[in-house]
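It should be emphasised that the depicted structure is a prediction, and the values quoted were computed from it without experimental measurement.
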Amino acid sequence: MGALAEIHLPQDSGCCTRCPTHIKTGHADTWSCKISLHLSYSYAPRDHGRPLQASDVTKNNPFPPWKEMELVTKEFIVITDKSELEEALRWAQIAILNPSKSHKYYVPGAQNNLSPSKNTTEAKFSPNVVSVEMSGPGLPPLSFFDLPGIFQNPSQKEDDYLVKVVENLAKKYIKHQQALVIHALPMSADPTTSRAGKVIRDLKAENRTIGVLTKADCLQLGHSDAQFKELLEGGAHKVEHGYFVTKQLQASSDSASPCRDGGYHAKSRQIEEEFFDGKYPWSDAGWKGFRNRCGTENLQRALSQKFAAQIIARYV
């Protein structure tokens, strides 16, 4: 998502995204970004008694301990320096996860030396939304939600109820009939184990789904590459818009990763293109037919075209 919008989103081990982030991009002569908090749920934790159980997550109460309310929008920060965005997004998420305190306490520069990476939060997840409206040179018109990833085995038993909460959150957005669903699958894992894929099928949303295979450098030759080749050919795990492939750089582990400065995304895309042009099996004759679906730029272009087609179809 960060590569599509050409920004640095917060990254961490485990589950880093703990509330939806709505990212809207568009073209402008200079780069700027407005972050706001869209609050449609109030926090109502138990005063005492037993902790939340999976049985507490119901159709009428899909996100405990959050209760639905009238939308309240709170302006968070406007920034004009792209390098400040990652930290601002961390603080915006922390503000949403600490509903008893004023959001102004968490605006960058007002936290009294608190650390956004170590700060504890009242809530572990929230259905409330961090809104990011961004414009800049060359940015395509896109609007998408970055959601917490669906998981099955939380690290703590007391968090078992969150499995259903996070799945309900994904379902809420997938159900929208005008939504184009981006299903990310790492090539380091077996696609048959994807819980998100099962949710998409259960909601009959395959006709609105585009697949994105990540971690292309983790593809294992042998059974794994045959499995993913079948997927790219449309023979397995079928989705209407097919699959694209990306290789994102990890600054902490990838020795080829460029410095995270103003030219980071352009350099990253250059390295990504060189990878798909020169690395086996992507450079092999049997895989070259997928080349127009490899790389973030091809994915970005396809998404822009599909969104435009949706808009035209809606008004014709």
Pairwise distance [atom1]([X]) to [atom2]([Y]) - rounded to 0.5 angstrom:
X    : Y    : atom1 : atom2 : answer
E272 : E274 : CD    : CD    : 11.0 Å
K247 : K279 : NZ    : NZ    : 9.0 Å
N98  : T121 : CG    : OG1   : 5.5 Å
H241 : I182 : NE2   : CD1   : 10.5 Å
Q270 : F275 : CD    : CZ    : 15.5 Å
Y43  : N128 : OH    : CG    : 12.0 Å

Does [X] reach the main-chain N or O of [Y] with its side chain, forming a donor-acceptor pair under 3.5 Å?
X    : Y    : answer
W91  : Y105 : no
D284 : Y280 : no
K34  : E133 : no
N168 : K164 : yes
T193 : A189 : no
Q93  : R18  : yes

For the student: nearest non-hydrogen atoms of [X] and [Y], plus distance:
X    : Y    : answer
A216 : M187 : CA-SD, 3.8 Å
C19  : P148 : N-CG, 3.9 Å
P64  : Y161 : O-CE1, 3.6 Å
S126 : L169 : O-CD2, 4.3 Å
S36  : E75  : CB-OE1, 3.8 Å
P45  : P65  : CA-CB, 3.9 Å

Is there a side-chain contact between [X] and [Y] (heavy atoms, below 4.5 Å)?
X    : Y    : result
V212 : T246 : yes
L85  : W31  : yes
L39  : M69  : yes
T17  : L147 : no
P51  : Q53  : yes
I79  : S32  : no
F63  : K172 : yes
L219 : P281 : yes

Mind running side-chain contact (heavy atoms from CB on, under 4.5 Å) on M134 and I23 for me, showing each step along the way?
CA-CA 7 Å; M134 181 169 37; I23 302 173; 4.0 Å; yes
If only side-chain N and O atoms count, and only distance matters, is there a donor-acceptor pair under 3.5 Å linking [Y] with [X]?
X    : Y    : answer
T58  : N60  : no
H38  : S40  : no
T296 : Q248 : yes
H183 : S194 : yes

Going hydrophobic residue to hydrophobic residue with side-chain gaps under 4.5 angstrom, can you get from [X] over to [Y]?
X    : Y    : answer
V129 : I150 : no
V181 : F244 : no
Y106 : V78  : no
V130 : L71  : no

Report the C-alpha separation of R301 and K306 in whole Å, then their side-chain angles, then the decisive distance to 0.1 Å, and conclude whether the side-chain contact (heavy atoms from CB on, under 4.5 Å) test is met.
CA-CA 9 Å; R301 185 182 303 112; K306 293 180 190 304; over 6 Å; no
Assess whether side-chain contact (heavy atoms from CB on, under 4.5 Å) is satisfied between H237 and Y243, documenting all intermediate values.
CA-CA 10 Å; H237 305 283; Y243 288 84; 3.5 Å; yes
Would you call E273 and R291 a salt bridge, using N to O less than 4.0 angstrom?
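Here E273 pairs with R291 in a salt bridge, since their nearest N and O are under 4.0 Å apart.
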Kindly write out the residues that satisfy ring-ring contact (aromatic ring centres under 6.0 Å, His included) with H27, not counting sequence neighbours, or none if the list is empty.
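Result, ring-ring contact (aromatic ring centres under 6.0 Å, His included) vs H27: none returned.
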Only one of W287, F228, F290 forms a ring pair (Phe, Tyr, Trp, His ring centres under 6.0 Å) with W282, so which one is it?
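Single ring pair (Phe, Tyr, Trp, His ring centres under 6.0 Å) partner of W282 among W287, F228, F290: W287.
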Please give the remaining members of the hydrophobic cluster of L97, linking ILVMFWY side chains under 4.5 Å, ordered by chain and number.
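Once heavy-atom contacts under 4.5 Å are chained together, L97 still belongs with nothing else.
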Determine, step by step, whether L303 and I210 satisfy the side-chain contact (heavy atoms from CB on, under 4.5 Å) criterion, reporting the C-alpha distance in whole Å, the side-chain angles of both residues, the deciding distance to 0.1 Å, and the verdict.
CA-CA 9 Å; L303 286 172; I210 182 170; 4.2 Å; yes
Would you give me the side-chain donor-acceptor pairs under 3.5 Å for residues 196-209, sequence neighbours excluded?
{"from": "K198", "atom 1": "NZ", "to": "D202", "atom 2": "OD1", "distance (Å)": "3.1"}
{"from": "K198", "atom 1": "NZ", "to": "D202", "atom 2": "OD2", "distance (Å)": "2.9"}
{"from": "R208", "atom 1": "NH1", "to": "I174", "atom 2": "O", "distance (Å)": "3.1"}
{"from": "R208", "atom 1": "NH1", "to": "H176", "atom 2": "O", "distance (Å)": "2.9"}
{"from": "R208", "atom 1": "NH1", "to": "A179", "atom 2": "O", "distance (Å)": "2.9"}
{"from": "R208", "atom 1": "NH2", "to": "I174", "atom 2": "O", "distance (Å)": "2.7"}
{"from": "T209", "atom 1": "OG1", "to": "A205", "atom 2": "O", "distance (Å)": "2.8"}

